[in-house]
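Along the sequence shown, the residues carry numbers beginning at 1. We count ligands from 1, going down the list as the structure has it; atoms in each ligand are counted the same way.
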Amino acid sequence: MTPPSDLRDWIARLEREGELVRVSAQVDADLEITEIVDRVVKSGGPALLFENVKGAQHPLLINQFGTEKRMCMAFDAPSLDAVAARVAGVLEMQPPEGLREKIRGLRELKSIADSRPKTVKRGASQEVVLTGDDVDLGLLPIQRCWPGDPAPFVTLPAVITHDPRTGTRNVGMYRLQKVDRRTTYMHWQIHKDGRADYLLADGRLEVAVALGLDPITAYSASAPLPKHIDELMLAGFLKGSPVELVRGKTIALDVPADAEIVLEGYIERDDLGLEGPFGDHTGFYTPPEPFPVFHVTAITMRRDAIYPSIVVGKPPQEDAWLGKATERIFLPAVKMTVPEIVDYDLPVAGAFHNICIVSIRKAFPGHARKVMHAIWGLGMLSLTKGVIVVDAHVDVHDYAQVAFYVGANVDPQRDVVISEGPLDHLDHAPTRQFVGGKIGIDATAKGPLEGAREWPPEIDMTREVRDLVDRRWAEYGIETDPSAGNGGIRQSSRRLLRR
Ligand SMILES: Cc1cc2nc3c(=O)[nH]c(=O)nc-3n(C[C@H](O)[C@H](O)[C@H](O)COP(=O)(O)O)c2cc1C
Ligand SMILES: [Mn+2]
């Protein structure tokens, strides 16, 4: 697997595969692009390169992640589960037995060793260096996405900071509201690592924002890694080659050498402004809230830099596939801690943090409750509002099956857990921001030790008869297309996942 090395390589591949359309007609970054992209995303259409954005000197790339096919192309993998399998291979490494396994083990160790970012002398991201009065965010085609947004927002940034105590790097995707030529707000929410670095800083925290990266590095900025793990390591591992870095021009931070654009700058401890409202991925406007001011000290870029953007809003939007990539890639890590988990699904319509459907190999009374609480204690999954637990044989991606078992197996008085805990920063439903109720629904089959009467057997045909009918099907002369399913009756994320 050789994933794209930078944004240019990625665009070339998309174009070769007929997955990108260049739009030369002049378009407005103020709302118009959102409406175009919304239609294209919802119809499973191509990535778009807007070459002529009103008032801007740079083209805008959008919808690069908008389909499962493109998300797989980004990883140069046949499926997102294949990417997850590579992660699992490393997480589940056992002491090797025999020469073959030893060699395989060494290859895997090498792939980890090669993940570490590498510093280089020069980078294309610094072909042009603008400092002082030349810094002007107006050069970039920053989108105002929704009618209630007060200003344009940078929506696909990789924000780089360092932990002031340990020096560990963090990369997070946090939007930036444009304030003027040289300042933005920095929307790192309270549970995020960039925010933690900022709170640990005594006064000033240096910040670099990379725009226009290879798709894996861009994805990695959105990956919910534990704070002490550098997202660029994950990017290097998934790419199979290290992310290359150069020293910033006005800050003592290393920045991606291959980025299209880098914003260098700093944030002062108590320098806040009122960010928002913003038409958010929850489908609602997040109300204005104080966030730090980001002062841009330099814009560095390629000579003909391409600006990347994304629109979030009422799901589904382009970010659905970034979320699905995380769901798949992090499954091996989730299983490491909670091995009875078979699979999970975070529905796009649940904006990822509202609902988690999880299937388990149930082994003892109360097991479903154990897993609910495990999820409520696991990394960013801890913000999940509702957890539905089903038995191992249920396909968590088939929402009709899940609804069937929730309906059939649940006594609401006995099988619903109402708990309390931290909630997503953007969740507007709880009475207080950040904390509120959680719901767990145990839709597994219950045993007598869980207070249930004898559980009836589920209906299923015998293997013998199914095989017999398979063998004889042609004889009957009945024409059906078994892959067609039953239209409206089968409502499933399979349609979305096309697996
Ligand atoms: C398109 C997109 C936009 C996002 N915008 C924000 C944002 O503005 N603020 C935020 O805190 N998280 C945002 N996120 C989620 C974070 O990027 C994600 O939680 C990531 O894990 C943060 O990195 P961290 O774990 O190092 O803090 C966004 C994710 C995506 C895919
Ligand atoms: Mn992080």
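Here the CZ atom belonging to Phe294 is positioned 12.5 Å from the CG atom belonging to Asp271, to the nearest 0.5 angstrom.
The contact set between ligand 1 and Ile310, taken as ligand atoms under 4.0 Å from a residue heavy atom, comprises 1 (C). Close approach of ligand 1 to Asn170 is summarised as follows: ligand atoms under 4.0 Å from at least one heavy atom of the residue are 26 (O). Those atoms of ligand 1 with a heavy atom of Leu322 less than 4.0 angstrom away are 31 (C). If you number the atoms of ligand 1 from 1 as listed, the ones under 4.0 Å from a heavy atom of Gly172 come out as 23 (O). The Pro224 neighbourhood of ligand 1 comprises atoms 21 (O), with distances under 4.0 Å to a heavy atom of that residue. In the vicinity of Arg175, heavy-atom distances shorter than 4.0 Å reach the ligand 1 atoms 7 (C), 8 (O). Interface of Ala221 with ligand 1, defined as ligand atoms under 4.0 Å from a residue heavy atom, comprises 17 (O), 20 (C), 23 (O).
Among all protein heavy atoms, the one lying closest to atom 21 (O) of ligand 1 is Ala223 O, 3.2 Å. Nearest protein heavy-atom contact of atom 18 (C) of ligand 1 is Ser222 O, 3.7 Å. Of all protein heavy atoms, the one closest to atom 9 (N) of ligand 1 is His187 O, 2.6 Å. Looking at atom 25 (O) of ligand 1, its nearest protein heavy atom turns out to be Asp193 OD2, 3.4 Å. Counting protein heavy atoms only, atom 28 (C) of ligand 1 is closest to Met173 O, 3.5 Å. Nearest non-hydrogen protein atom to atom 15 (C) of ligand 1 is Lys192 NZ, 3.6 Å.
For the pair Leu156 and ligand 1, the shortest N or O to N or O distance does not fall below 3.5 Å. Considering backbone and side-chain atoms together, Thr155 places no N or O closer than 3.5 Å to any N or O of ligand 1. For Tyr174, a nitrogen or oxygen atom sits less than 3.5 Å from a nitrogen or oxygen atom of ligand 1, counting backbone and side chain alike. For a threshold of 3.5 Å applied to N or O pairs, the pair formed by Glu231 and ligand 1 contains at least one separation below that value.
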Could you walk me through whether Thr297 and Glu264 pass side chain to side chain donor-acceptor pair (under 3.5 Å), step by step? CA-CA 6 Å; Thr297 51; Glu264 300 182 2; 4.8 Å; no
Evaluation steps, side chain to side chain donor-acceptor pair (under 3.5 Å), between Gln177 and Asp149: CA-CA 9 Å; Gln177 177 180 335; Asp149 296 358; over 6 Å; no
Can you check side chain to side chain donor-acceptor pair (under 3.5 Å) on Asp343 and His397, steps first, answer last? CA-CA 9 Å; Asp343 200 357; His397 310 296; 2.8 Å; yes
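Between Phe278 and Tyr285, the distance separating the two ring centers is not shorter than 6.0 angstrom. Taking the six-membered ring where the residue is Trp, the centroids of Phe291 and His425 are separated by under 6.0 Å. Aromatic pair Tyr174/His187: centroids not less than 6.0 angstrom apart.
Every residue two or more places apart in sequence or in another chain was checked for a side chain to side chain donor-acceptor pair (under 3.5 Å) with Asn354, and none qualifies.
Put simply, the side chain of His162 gets close to the backbone of Gly167: a donor and an acceptor are under 3.5 Å apart. Within the 3.5 Å criterion, the main-chain N or O of Thr384 finds a donor-acceptor partner in the side chain of Lys438.
Judged purely by distance below 3.5 Å, without hydrogens or angles, the side chains of Ser125 and Thr300 never pair a donor atom with an acceptor atom.
With Tyr219 as reference, Phe75 is the one residue of Trp10, Phe75, Phe65 to meet the ring pair (Phe, Tyr, Trp, His ring centres under 6.0 Å) rule. Considering Glu17, Glu318, Glu19 as possible partners of Arg70, the one that fulfils the salt bridge (charged side-chain N to carboxylate O under 4.0 Å, His left out) test is Glu19.
A cation-pi arrangement, defined by a distance under 6.0 Å to the six-membered ring centre and an angle within 45 degrees of its axis, is present between Arg86 and Phe237.
Inside a sphere of radius 2.8 Å centred on the Mn ion (ligand 2), the protein N/O/S atoms present are Asn170 OD1, Asp193 OD2, Glu231 OE2.
The closest approach between Gly323 and ligand 1 stays at or above 4.0 Å for every heavy atom of the residue.
Using cut-offs of 30° and 60° on the angle between ring planes, the pair His281 and His353 is perpendicular.
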